[in-house]
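The shown structure was predicted, so the numbers you read here are calculated from the model rather than taken from an experiment. Reckoned from all heavy atoms, side chains included, excluding hydrogens, waters and symmetry mates.
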Amino acid sequence: MGKRACLYQRYRRPTSVRSCLLKNALFISNLFFTVMGLVVLGMGLWGLITKESFAQERIGHIGTDPMLVFVFLGLTLCLLCLMGCVGSLRENSCLLRLFSGAVLILVAAQVLVAIAAYSLQDQIVPVLRSGMLTAMVRYQDDLDMRFITDEIQMNLQCCGADNYRDWEMNLYYNCSAPGVQACGVPASCCIDPLENGTVWNSQCGVGAQQLVEFSAQSVIYLGGCLGGIARWIEQNKQLIGIVGIALLGVQILTLIVTTFQHI
């Protein structure tokens, strides 16, 4: 009887160690993706707060706000990771199978998106140009378009799609427009839109299209955002590739660990 107990313990010990290692690996990977989910969720909430989407006059249209996409993705990722953690700690095969299926769908979707982006890479620039020009035309009439355009121009230090004169196609910034904004550009095009570092000067781009490039370059950014996006991708392509492969690798590793745990 003693020999049988000893043999049973020797047989069970590796399984227990393996189970412990798998649990820890799954917990760490889920913790990593939970942080990512919280970051995405934070971006969505930041966008909603920055645009004052919770204001009384705008709360009725919050259902169509694109920032809700980030909120939804962040919550979904956090809930998915919670399901994986609970399934692993409780050794619940049902939760682990659901978690494995969700991760498999995510991995497959990312691979398909990467293949589609690579095969359609010649069409990416025209699509971006078309989207940017559409956002510029609807700049005053669509708060979401304005928010996205301003964020792109301020962060990439650019103005317009190809150059700052693209803003002439906007109804209000067109040089034939009757208003004070005629022949101007948005404040997000300005090199220094803040006066004394505190007050936002919304009129800093007034009349910028009338200036020659030599004079305009001290007031606004002259280069277009398509060039800025291309330069950013070129400068960070190795980092983008490494991060993309690392994220995909962690997801595949998570899928493998989950599969082994509920076998």
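Two different hydrophobic clusters hold M43 and M36 under the rule that ILVMFWY side chains link at heavy-atom gaps under 4.5 Å. Linking Ile, Leu, Val, Met, Phe, Trp and Tyr whenever their side-chain heavy atoms come within less than 4.5 Å puts L104 and L248 in one cluster. Taking hydrophobic clusters as Ile, Leu, Val, Met, Phe, Trp and Tyr residues chained together by side-chain heavy-atom distances below 4.5 Å, M169 shares a cluster with L222.
Within the 3.5 Å criterion, the main-chain N or O of S215 finds a donor-acceptor partner in the side chain of S218. Distance alone, capped at 3.5 Å, is enough to place a donor-acceptor pair between the D166 side chain and the N163 backbone. The backbone N or O of L247 sits less than 3.5 Å from a side-chain atom of Q251, completing a donor-acceptor pair. The closest donor-acceptor contact from the side chain of Q209 to the backbone of Y173 lies under 3.5 Å. Side-chain atoms of N201 never come within 3.5 Å of backbone atoms of P193 as a donor-acceptor pair (strictly under, hydrogens ignored).
Contact annotation: the side chain of Q140 approaches that of N170 to within less than 4.5 Å [non-hydrogen atoms, C-beta and beyond].
When every heavy atom of S202 is checked against every heavy atom of A187, the shortest pair comes out as CA-CB, 3.9 Å. Here the closest heavy-atom approach between residue P186 and residue Y139 is recorded as CB-OH, 3.4 Å.
A centroid separation of less than 6.0 Å is found between the aromatic rings of F147 and W46.
Among residue pairs with one or both ends in residues 73-137, none qualify as disulfide bond (SG atoms under 2.5 Å apart); sequence neighbours excluded.
The number of heavy-atom neighbours closer than 6.0 Å to CZ of F33, taken from other residues, nucleotides and ligands shown, is above 12.
Cys pair C225/C159: SG-SG separation is not below 2.5 Å.
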